[in-house]
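Chain identifiers are assigned alphabetically (A, B, ...) following the order of the sequence lines, protein sequences preceding nucleic acid strands; residue numbering begins at 1 within each chain. None of the values given here were measured: they were computed from a predicted structure.
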Number of protein chains: 4
Amino acid sequence: MSDTTRSRAILATASRLFASRGYSRTTTAEIAREAGVAEGTLYHHFGSKDGIFLTLFDETMEGYLAGIEGILARGAAGRETLSAFTRFHFDYVSLRKEQYLILLRDFPVHLTVEHFAGGSPQRKKLDRVTKLFSRILARGKADGTLHLPFPVRETAEMLRGSFYGATRLKMLDLIQTPFPRLARMMESYWLKALGPSQTPRAIPAAPSIAPSPAPGRRRRSR
Amino acid sequence: MSDTTRSRAILATASRLFASRGYSRTTTAEIAREAGVAEGTLYHHFGSKDGIFLTLFDETMEGYLAGIEGILARGAAGRETLSAFTRFHFDYVSLRKEQYLILLRDFPVHLTVEHFAGGSPQRKKLDRVTKLFSRILARGKADGTLHLPFPVRETAEMLRGSFYGATRLKMLDLIQTPFPRLARMMESYWLKALGPSQTPRAIPAAPSIAPSPAPGRRRRSR
Amino acid sequence: MSDTTRSRAILATASRLFASRGYSRTTTAEIAREAGVAEGTLYHHFGSKDGIFLTLFDETMEGYLAGIEGILARGAAGRETLSAFTRFHFDYVSLRKEQYLILLRDFPVHLTVEHFAGGSPQRKKLDRVTKLFSRILARGKADGTLHLPFPVRETAEMLRGSFYGATRLKMLDLIQTPFPRLARMMESYWLKALGPSQTPRAIPAAPSIAPSPAPGRRRRSR
Amino acid sequence: MSDTTRSRAILATASRLFASRGYSRTTTAEIAREAGVAEGTLYHHFGSKDGIFLTLFDETMEGYLAGIEGILARGAAGRETLSAFTRFHFDYVSLRKEQYLILLRDFPVHLTVEHFAGGSPQRKKLDRVTKLFSRILARGKADGTLHLPFPVRETAEMLRGSFYGATRLKMLDLIQTPFPRLARMMESYWLKALGPSQTPRAIPAAPSIAPSPAPGRRRRSR
DNA sequence: GATGAATGAGTGTTCATTCAT
DNA sequence: TATGAATGAACACTCATTCAT
C-alpha cells in the first residue's frame with residue numbers, strides 16, 4: 001500500500017465518519033480501524049486529528065475556490081457570472097454533500113478560534129471566498145450589469161453570508177425546500193436585488209451612483 | 001439564596017463561559033465554581049450540561065420569537081414589517097451578543113442531531129422562526145407591498161437562511177462590516193429583491209438563468 | 001397519611017424496586033418518588049438506604065424464623081420436623097419470592113461485612129437459623145429418627161448451606177427444576193442421608209449412637 | 001514489561017483488591033496504581049471494570065471445570081467419581097480462596113442479570129457445571145453405584161446447589177465448620193443420600209412427605 | 001514509514017445524605 | 001414530622017497522542 005493510498009483511505013474514512021456522526025463523536029481509533037491502518041499512521045500523515053480535519057477542509061475549499069475562479073475566468077458579464085456562481089455553488093454542495101456537511105456543520109469551535117485567526121491557511125481560504133464574491137460584484141458594477149448601493153466588499157460579505165446561511169440550514173435539515181429550488185430562488189432574488197432600481201423611470205436617471213432615492217426614502221419613511 | 005437566584009447564577013455563568021471559551025471547553029466544574037454553587041446543583045436544576053445549554057437556547061429564542069411576534073402585532077404592512085424585523089433582528093443580536101454567539105457558534109453537533117429532530121421543543125422554536133418569516137411575507141403578498149415569484153414558505157426559508165448566515169459569519173468574525181451597516185444592507189437589498197418587479201412581464205417567467213438582455217446592454221455605464 | 005402508612009409505603013416500594021433492579025441500581029430518589037414521599041422522609045424513618053434494606057431483611061427473616069419455630073413447637077419427631085421444615089422453607093420462599101430474592105441475591109457485600117459481623121442483629125438472626133436447624137437435628141438424634149455420623153452443629157451448618165444454595169441458585173434462575181420438585185427432592189434425599197444406615201443389618205444394631213462404621217470405612221475405602 | 005505481564009499484574013491486583021474490600025469498593029484507579037500501570041491500560045486490556053471481573057470469573061471457572069473433567073476422565077465408577085469430585089471441590093476452593101471468594105461473594109447483581117442471561121460465555125460456564133454433575137450422576141446410575149429416585153438433571157441441579165450453598169456460606173463466614181470437615185460431611189451424607197435405598201420397598205414409593213411410621217414411633221427414645 | 005500498546009489528565013455524572021424551613 | 005433543594009466527594013471511562021520497536 002503506497003503512502004498515497006493510505007492517506008486517501010484515511011481521508012475518505014474520516015470524511016465519512018465525520019459526516020455521519022460529527023467530528024467530536026468520531027475517534028481516531030475508529031478512523032484507523034475503518035481505514036485499515038494503525039492509529040499511529042494517522043499521526044505520521046496528518047499530525048493530529050485536527051490535522052485530518054483541516055486537510056479535508058483545505059481540499060474541499062480548494063475545489064470550491066477553483067470552481068469559482070473558473071467561472072470568473074470565462075469573462076462573462078458580472079450579472080451572468082453571479083448567475084453561474086449560484087448554479088455552481090448549489091451543484092457543488094449537492095454533489096459533495098458529505099464534504100460540505102463536515103465543513104458547514106462540524107467545524108469545531110476551537111479550530112474556528114485557532115485557525116480562523118489572522119494569517120492561517122484556513123483563514124486565507126475563507127477570505128478568498130469573500131474576495132471572489134467581490135470580484136464578481138466589482139465586475140458587474142464595472143460593466144453596469146449589477147447595481148450596488150453599498151460598497152463592493154460589504155455587499156460581498158453579506159452575499160456570502162446569505163449563501164452560507166441558506167446552505168448551512170439546508171445541511172442541518174432546517175430547510176425543506178430542495179436544493180435545486182433553493183438555487184433558483186437565490187439566483188432570482190439576488191439578481192433582482194442587485195438589478196436596476198425598481199422604478200422604471202429611475203433607471204435612466206441615476207443608474208447606480210448611490211442608493212436609489214425612492215427605496216431610500218421609503219426605508220425610513222415610517 | 002433563592003432557587004431562582006441559584007438557577008439564574010448558573011445560567012449567567014454558563015452563558016459567560018460558553019461565550020468566552022466555547023461550549024465544549026467549558027467544564028461543569030468551572031460553571032459551578034464560578035456560579036458559587038455545588039456541582040450537583042447544576043444537575044439538580046438542569047439535569048445535564050446539555051440541559052443548561054438548551055435552557056439558554058430556549059430563553060434566547062423565546063425573546064427573539066416574542067420580538068418578532070410583537071412586530072407582527074403592530075399590524076403594519078408587509079413591507080414595513082419586513083423593515084422593522086430587519087432592524088429588530090440586528091438590534092437583538094447586537095445587544096445580546098453573548099447569548100447569540102452561543103447559539104450561533106456553539107450549538108453542539110450532537111445536540112443538533114438529538115434536539116433538532118422532529119418534535120423537540122428546540123425544533124419547534126426553530127420552525128416558529130420560519131413561520132414568522134412566512135407571516136411577514138404572506139402579509140406583504142396580501143397587501144401588495146411585497147412581490148414573491150416563489151411560494152411564501154420557500155421564500156421564507158431562504159430569507160431566514162440569509163439572515164442566519166450573515167449573522168453567524170459576523171459572529172465568527174468572518175465578516176468585517178459592522179452590524180449596523182449589515183442591517184441596513186440586508187434591509188435595502190431584501191426590500192428591493194421583494195419589491196415590485198423591474199419589468200412586469202419578467203415576473204411570471206422562470207427565474208432567468210441567463211442575464212436579462214436589458215441590463216446586459218447597459219454595462220460600463222459608469 | 002399516618003407514619004405507619006408512610007413507612008409501609010416506603011418498604012413496599014423499596015422491596016419492589018430492589019427485587020426488580022437490584023439494591024445498588026435502586027436510588028433513594030426513586031424509592032421516594034414511587035412511594036409518594038419526600039426523600040428526607042426515608043431518612044426520618046430508616047436513617048439510611050441500608051437501613052431500609054436491613055428493615056426488609058429483618059422482617060423477612062423474622063417471618064422465616066417464626067415459621068421454623070412454629071414447626072418445632074408442634075413437638076413432632078425430628079424426622080417429621082425436618083420434613084415439615086422442608087415444605088415450609090420452599091413454601092415460604094415461593095410465596096415471598098420478592099422478599100427472598102432481595103435477601104438472597106442483593107445483600108450488599110459491604111453490609112455483609114459490616115452487619116454479619118459479631119453481634120449485629122442481622123448476624124444474630126442468621127445464627128438463629130443455624131440454631132433452629134440444630135434443634136431439629138438434635139431432636140431427631142435424641143428420638144432416634146435421624147442418624148448423624150457428624151456433630152449436630154456441623155451437620156446443621158452443612159444442611160443450612162444446602163437449602164440456602166439450592167434456593168439461591170433457583171432465585172438466580174440457574175436451576176430449572178421448579179420449586180415444588182426441588183422441595184420434594186431436598187426432602188427425600190436429606191431424609192435418606194439422615195436416615196438409618198444403608199446396610200439393612202446395620203439398622204437394628206446401632207441406630208444413631210455414632211457414625212456407623214460401615215459408611216465410615218467406605219468413604220475412604222478407595 | 002510484556003503484554004502478558006501487564007495483563008497478569010492487573011488481574012492479580014484486581015483479584016487481591018476485590019477479595020479484600022469487595023468489587024464495588026475497589027476503584028479502577030486503585031487497581032491501576034497498585035498494578036503499576038496507567039488507568040487507561042486497564043481499559044486497553046479489559047474494556048471495563050466489569051471486564052476485569054469477568055476475566056477473573058472465566059479463569060477461575062475454567063480451572064474448576066477442567067478439574068471436574070479430569071476427574072471424569074479417570075473413568076472411575078459413578079460413586080467413586082462423586083467422592084473424588086467432593087474432595088476436589090473443597091480442595092480447589094480452599095487453595096484458591098481469594099478467587100472463589102470473589103466469585104461467590106462479589107459477583108455483582110448487575111452482572112448476574114446481564115451475564116447470566118441466555119448465551120453469554122459466563123452462563124455457558126455455569127451450565128457446564130450442572131452438566132458435569134449430571135455426567136457424574138448418570139454414570140453412577142448406569143453402573144449401579146448411585147441410586148436416583150429423581151431425574152438425573154434435577155438431582156444434579158439440587159446437588160450443585162448444595163455444594164454451592166455450603167461453600168458460599170463458608171466463604172461468608174456464616175459457617176464455622178472448617179473446610180476439610182465440610183468436605184467429609186458433604187461426601188458422607190451425599191454418598192448415603194445417593195446410596196442404595198434403606199429398605200428396598202421404599203424406593204418405588206414417592207418421597208414420603210410424612211415421616212415414616214417406624215422412626216416416628218421411636219421418638220423420645222433418649 | 002508503520003505499528004499499536006500504553007498513557008493519564010480530564011470530565012460529565014451519580015446519589016446517599018443533610019438541614020433549614 | 002415532613003420536606004426537597006443543595007451538596008460534593010467519588011468514579012468509571014474516554015481518547016488524542018506518544019514512542020519504542
Visitor: Between F/dA12, F/dT7, E/dT14, which nucleotide has the shortest distance from any of its atoms to the side chain of D/Tyr43?
Guide: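 That would be F/dA12.
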Visitor: Of all the choices, F/dT3, E/dT13, F/dC13, which nucleotide is nearest to the side chain of C/Thr41 once you look at every atom?
Guide: F/dT3
Visitor: Quick one: side-chain hydrogen bond (donor to acceptor under 3.5 Å, both in side chains) partners of D/Arg168, sequence neighbours excluded?
Guide: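 If we apply the side-chain hydrogen bond (donor to acceptor under 3.5 Å, both in side chains) test to D/Arg168, skipping adjacent residues, the hits are C/Tyr164.
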Visitor: Whole angstrom is fine here: how far is it from CG in A/Leu111 over to P in F/dA16?
Guide: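 It works out to 13 Å between those atoms.
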Visitor: Could you check which of F/dA6, F/dC13, E/dT17 has an atom nearest any side-chain atom of C/Glu39?
Guide: E/dT17
Visitor: State whether C/His44 places a side-chain N or O below 4.0 Å from either non-bridging phosphate oxygen (OP1 or OP2) of F/dA2.
Guide: no
Visitor: C/Arg6 side chain N/O closer than 4.0 Å to the phosphate oxygens (OP1, OP2) of F/dT1?
Guide: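 Checking C/Arg6 against F/dT1: no side-chain N or O falls below 4.0 Å of OP1 or OP2.
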Visitor: May I ask you to say whether C/Glu34 pairs ionically with C/Arg16, meaning some side-chain N is under 4.0 Å from a carboxylate O?
Guide: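 C/Arg16 and C/Glu34: salt-bridged.
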Visitor: Just wondering, do D/Glu62 and D/Glu59 contact through their side chains at under 4.5 Å, heavy atoms?
Guide: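 Not touching, per the 4.5 Å side-chain cut-off.
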Visitor: Starting at CG of A/Asp50 and ending at P of F/dT17, how long is that distance when rounded to a whole Å?
Guide: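 So the two atoms are 7 Å apart, to the nearest Å.
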Visitor: I'd like to check the side-chain hydrogen bond (donor to acceptor under 3.5 Å, both in side chains) partners of C/Ser15; sequence neighbours left out, ordered by chain and number.
Guide: C/Glu98
Visitor: Can you tell me the distance, in whole Å, between the CZ atom of A/Phe46 and the P atom of E/dA2?
Guide: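 Those two atoms, CZ and P, are 11 Å apart.
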Visitor: To the nearest angstrom, how far is A/His45 atom NE2 from F/dT17 atom C1'?
Guide: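 For the pair A/His45 NE2 and F/dT17 C1', the rounded distance is 16 Å.
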Visitor: Sorted by first residue and then second, give each ring pair (Phe, Tyr, Trp, His ring centres under 6.0 Å) pair with at least one member in residues 20-41 of chain D; sequence neighbours left out.
Guide: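 Non-adjacent pairs meeting ring pair (Phe, Tyr, Trp, His ring centres under 6.0 Å): D/Phe18-D/Tyr23, D/Tyr23-D/Phe53.
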Visitor: Could you state the CG-C1' distance from C/Leu42 to E/dC15, rounded to the nearest angstrom?
Guide: 13 Å
Visitor: Can a donor-acceptor pair be found, under 3.5 Å and without considering hydrogens, that links the side chain of D/Lys49 to the backbone of D/Thr26?
Guide: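 Yes, the answer is positive, given that a donor and an acceptor are paired below the 3.5 Å cut-off.
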Visitor: Give, ordered by number, those residues of residues 10-33 of chain B having at least one heavy-atom distance below 4.0 Å to an atom of DNA chain F; if nothing qualifies, reply none.
Guide: none
Visitor: Examine distances only and state if a side-chain atom of A/Arg105 and a backbone atom of A/Ala19 form a donor-acceptor pair shorter than 3.5 Å.
Guide: yes
Visitor: Does any part of the side chain of B/His110, heavy atoms only, come nearer than 4.5 Å to the side chain of A/Arg21, both counted from C-beta?
Guide: no
Visitor: Let me have DNA chain E in dot-bracket notation, would you? Count Watson-Crick plus G-U wobble pairs, both distances under 3.5 Å, and use [ ] for pairs crossing earlier ones and | for inter-strand partners.
Guide: .||||||||||||||||||||
Visitor: For A/Gln122, what residues pass the side chain to side chain contact (heavy atoms under 4.5 Å, CB included) criterion, not counting sequence neighbours?
Guide: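 By the side chain to side chain contact (heavy atoms under 4.5 Å, CB included) rule, A/Gln122 matches A/Leu54, A/Phe57, A/Asp58, A/His115, A/Ser120.
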Visitor: If you pin A/Ala38 and B/Gly47 to their nearest nucleotides in DNA chain E, which one's is more 5'?
Guide: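 In this pair, the answer is A/Ala38.
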